[in-house]
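Please read the structure below before turning to the comments.
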Amino acid sequence: MRRTLPIALLVLMAGTALPARALEGPTPPKPGATATTPAAAAKPRVVIVATGGTIAGAGADAANSATYQAAKVPVDKLIAAVPAIAQVAEVRGEQAFQIASESFTNAQLIELAKKVSALVKRDDVDGVVITHGTDTVEETAYFLDLVVKTDKPIVMVASMRPSTAISADGALNLLDAVTVAGAKDARAKGVLLTMNDEIQAGRDTTKRVNIKPSAFFSQWGPLGMVVEGKTYWFRAPVKRHGTTSEFDIDTIDSLPEVAIVYGSGNMHPEPYTTAVAGGAKAIIHAGTGNGSVAGYLVDTLKDLRSKGVQIIRSSRVGDGFVLRNAEQPDDKYDWVVAHDLNPQKAKILAAVALTKTQDSKELQRIFWEY
Ligand code: DAS
């Protein structure tokens, strides 16, 4: 007699993996349970703070994926354009700025951080999304990571194509950002960026491509992904941030000036001396290779150091990290190394650190820890 197998087992044998619960059969009702559907779980409460950028951009024609005007669409229209957001969270919008992010100033960075700090302190806010241009979102993300003392998710989001373009990427990026901002498993992971289905660490991520949606990368990889409204995590940050940071935006009202000088062959001292004459308290040397300094520039940097200017060696090379005392005698010259931070990230950390210390050894400790 042919044995008849339970259907579930037949389906499994057919190679379709069934979720475990299907194999166990329906869950028996708990004694005393009423036959009503469980109360819909309360949706997380997310505030979307808009600052401008391409995600708020508009082009003349649907074929314009790269030719458009940034910072045109207001936050309420951004939210209304993605009805699926309402399924994910209770959201409200605030328009902080309406600018292309290459135009951000330190004053606007501080204003935005203070706004976000006030929002995350509220009991009726579970997470914050910040829409932003792609050009400097990596700096804003790292700044907020360093100075906003919270474990609540703060999620940056941008887009490479304007909303008016065919295959615009902003809508799904925004839906993903709201999903992450409302996700309990996104807490205490630092400031995040959702782009192109990925969840990037605000500290690590940088814009590496300037003309396609897969523009953001971290040499240490994304923290996770968002797929169809669900977060998938594969790693967590180890550097200090948020509630483990020694910095607090509530005690910062201005940032010292820090300048970046880009390294190449055949350089001259003027970019360094002019930056200091203009008020720079630290120079980020975006050196060739492992942050190398041309022999003919060493005296200029030593002279600036002797006048109290911090010299911080980063690299123009995208990946890897600058080693202390490798080709350059940092101990001897009292220089600092930026570790794995690219020049623009090193500039943010140096400015924040200089609000607390002028000591180069303390500065180096901070560059190891953040
Ligand atoms: N100009 C760019 C900016 O605002 C546009 C963008 O890519 O978002 O950063």
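Both counts, for ligands and for their atoms, begin at 1 and track the order of listing. For this chain, numbers begin at 1 and follow the sequence in order. Scope of the values below: all heavy atoms of this structure, side chains included, with no hydrogens, waters or symmetry mates.
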Would you tell me whether Gln328 and Arg313 have side-chain atoms, one donor and one acceptor, within less than 3.5 Å of each other?
no

Under a 3.5 Å threshold, yes or no: a donor from one side chain and an acceptor from the other, between Lys302 and Ser306?
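Distance-only check fails for Lys302 and Ser306.
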
Using a strict cut-off of under 4.0 Å between a residue heavy atom and any atom of ligand 1, list the qualifying protein residues by chain and number.
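Contacting ligand 1 under 4.0 Å are Gly53, Thr54, Tyr68, Ala100, Ser101, Glu102, Gly133, Thr134, Asp135, Ser159.
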
Look at Asp145 together with Lys345 and state whether they make a salt bridge at an N to O cut-off of under 4.0 Å.
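No, no charged N to carboxylate O under 4.0 Å.
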
Would you please indicate if the ring centroids of Tyr142 and Tyr370 are separated by under 6.0 Å?
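When the ring centroids of Tyr142 and Tyr370 are compared, they turn out to be at least 6.0 Å apart.
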
Please report whether the ring centroid of Tyr262 lies less than 6.0 Å from that of His285.
no

Scan for salt bridge (charged side-chain N to carboxylate O under 4.0 Å, His left out) pairs involving residues 251-273, sequence neighbours excluded, and state none if there are none.
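Every pair satisfying salt bridge (charged side-chain N to carboxylate O under 4.0 Å, His left out) with a residue in residues 251-273: Lys114-Asp253.
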
